[in-house]
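One-based numbering, in listed order, for ligands and for the atoms of each.
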Amino acid sequence: MKIAWCITGAGHFLKESYEVFRTIKNEKLETEIKITIFISNAGVEVLRMYGIFDKLKEISNGDYMAEIFTEKEQGSSSPKAGRFSLRKYDAVVVSPATSNTVAKIAYGIADSLVTNVVSLATKACIPVYIVPTDGSPGKVNSEMPYSIDRDKCRGCDDCEPRDRCERDAIYGAPIPQIDLLRCDGCGLCRELCPYDAINGGVVEIKAREIDIRNVDVLRKMEGITILERPEHFFFFVKKENLC
Ligand SMILES: Cc1cc2nc3c(=O)[nH]c(=O)nc-3n(C[C@H](O)[C@H](O)[C@H](O)COP(=O)(O)O)c2cc1C
């Protein structure tokens, strides 16, 4: 079985999505599962911030149909999305799906890698499963990337987290900041700060009405199934009698 896993630039459900695909990959199944990963530009940045980007190789080792394709490498026309017209995949999962990508799909836009994948997959009648980050009313807790708590930071002259960051992602004085586009979420800074001033933390986020409406539009689209959580994709794998 061949699955296309699309990742967009969302922190919410990102770790959970990774865990689901890691489990599917490691499960002892009768049929081999190959997972190709397609990542939006924002997805690459956010995956790095949460320390997951480098771990994706454990899921997709680079063999044929188990590659990792980034939007940047794929240019504007996303040639690898042509594999969907050739029906090379059994299912597409967009998890997590940002409100941005959901809105584009809802209005038929296909100007990015992930929206192209969804467009071509639905045209080829390949089932598409989407896990939106902002799909239901009410608040959700979302884990943030690392940042410096300015109340706890003592502005040390010898700031070990700043001096020892392997990606030079911490800059400025007396209270430094983290450049999240350099950060790879390794967590070393957090361990090194004696004042516990570096943390991810959890924030409460409320979905906008427009985003919920867009998810409803997707619910009614032929070939698309909305999943409330990444773990619900296991049902699909079970339905196919694979585990
Ligand atoms: C750390 C971080 C976390 C984010 N989490 C979310 C999220 O959970 N949901 C969302 O809709 N956008 C989130 N965004 C914003 C998207 O990355 C942004 O809208 C981007 O343009 C989406 O592009 P894409 O849909 O092509 O991936 C986040 C951005 C950052 C920096």
Side-chain angles (χ1 to χ4, degrees), residues 4-20 37-53 56 68-78 80-81 92-120 128-148 167 169 177-187 189-190 198-218 224 226-230:
W5 173 27
C6 301
I7 307 172
T8 62
H12 192 56
F13 285 151
L14 186 59
K15 284 192 177 155
E16 291 87 343
S17 302
Y18 165 72
E19 284 306 328
V20 164
I37 304 179
F38 295 83
I39 319 175
S40 74
N41 282 335
V44 171
E45 293 175 6
V46 175
L47 279 161
R48 287 218 169 94
M49 290 173 205
Y50 287 83
I52 300 178
F53 188 80
L56 295 178
I68 299 175
F69 295 126
T70 62
E71 182 162 8
K72 201 169 170 199
E73 290 161 4
Q74 283 299 299
S76 300
S77 56
S78 312
K80 287 294 175 198
V92 173
V93 191
V94 186
S95 181
T98 58
S99 301
N100 173 60
T101 289
V102 165
K104 287 186 179 187
I105 298 168
Y107 290 93
I109 297 169
D111 68 347
S112 64
L113 178 59
V114 174
T115 55
N116 256 308
V117 167
V118 172
S119 166
L120 292 179
V128 175
Y129 298 83
I130 297 184
V131 184
T133 58
D134 294 70
S136 34
K139 293 177 181 163
V140 290
N141 287 331
S142 205
E143 202 182 312
M144 298 294 286
Y146 291 118
S147 65
I148 295 177
R167 295 183 56 93
Q177 297 186 50
I178 300 180
D179 179 348
L180 285 175
L181 292 180
R182 283 177 170 264
C183 171
D184 66 358
C186 74
C189 56
R190 185 171 181 237
I198 303 180
N199 271 298
V202 173
V203 291
E204 228 184 30
I205 292 174
K206 179 178 167 293
R208 300 182 303 170
E209 265 181 50
I210 176 85
D211 298 327
I212 296 168
R213 274 205 304 278
N214 287 336
V215 172
D216 279 337
V217 173
L218 294 198
I224 292 185
I226 297 294
L227 303 177
E228 271 178 39
R229 300 189 52 82

Legend entry - Close side-chain approach of S142 and V202, heavy atoms under 4.5 Å: no

Legend entry - Distance flag for atom 1 (C) of ligand 1, protein heavy atom under 4.0 Å: yes

Legend entry - Gap between atom OG of S77 and atom CG of D111 - 0.5 Å precision: 12.5 Å

Legend entry - Smallest separation among heavy atoms of V203 and M144, with atom names: CG2-SD, 3.5 Å

Inset, instruction - Under 4.0 Å from a heavy atom of T101: give me the atoms of ligand 1 that qualify, with their elements. - result: 24 (P), 25 (O), 26 (O)

Inset, instruction - Among all protein heavy atoms, pick out the one at the shortest distance from atom 30 (C) of ligand 1; state its residue, atom name and that distance to 0.1 Å. - result: V46 CG2, 3.9 Å

Inset, instruction - Give the atoms of ligand 1, by number and element, whose distance to some non-hydrogen atom of A42 is under 4.0 Å. - result: 17 (O), 20 (C), 22 (C), 23 (O), 27 (O)

Legend entry - For T8, atoms of ligand 1 separated by under 4.0 Å from a heavy atom: 27 (O)

Legend entry - Nearest candidate to atom 10 (C) of ligand 1, where distance is taken over non-hydrogen atoms, out of N41, T133, L180: T133

Legend entry - Top protein contact for atom 21 (O) of ligand 1, by heavy-atom distance: N100 ND2, 4.2 Å

Legend entry - Protein residue, atom and distance nearest to atom 14 (N) of ligand 1, heavy-atom basis: G9 O, 3.1 Å

Legend entry - From CG (D184) to OH (Y146), nearest 0.5 Å: 10.0 Å

Legend entry - Side-chain donor or acceptor of T115 paired with backbone N/O of S112 under 3.5 Å: yes

Legend entry - Test item: Q74 side-chain N/O and K80 main-chain N/O as donor-acceptor pair under 3.5 Å: yes

Inset, instruction - Identify the protein heavy atom lying closest to atom 12 (N) of ligand 1, giving its residue, its atom name and the separation to 0.1 Å. - result: T98 CG2, 3.8 Å

Inset, instruction - Could you list the residues that satisfy side chain to side chain contact (heavy atoms under 4.5 Å, CB included) with E204, not counting sequence neighbours? - result: K139, N141

Legend entry - ligand 1 atoms in contact with S40 (distance to a heavy atom under 4.0 Å): 24 (P), 26 (O), 27 (O)

Inset, instruction - Identify, for atom 3 (C) of ligand 1, the protein heavy atom at the shortest distance, and state residue, atom and that distance. - result: G11 N, 3.6 Å

Inset, instruction - Just jot down the ligand 1 atoms closer than 4.0 angstrom to any heavy atom of P145, in number order. - result: 1 (C)

Inset, instruction - For atom 7 (C) of ligand 1, find the nearest protein heavy atom and state the residue, atom name and distance (0.1 Å precision). - result: A10 CB, 3.4 Å

Legend entry - Test: D134 and R208 ion pair at under 4.0 Å: no

Inset, instruction - Measure from the side-chain N and O atoms of Y18 to the backbone N and O of L47, and report whether any donor-acceptor pair falls under 3.5 Å. - result: no

Legend entry - Distance from atom 11 (O) of ligand 1 to nearest protein heavy atom, with residue and atom: S99 N, 2.9 Å

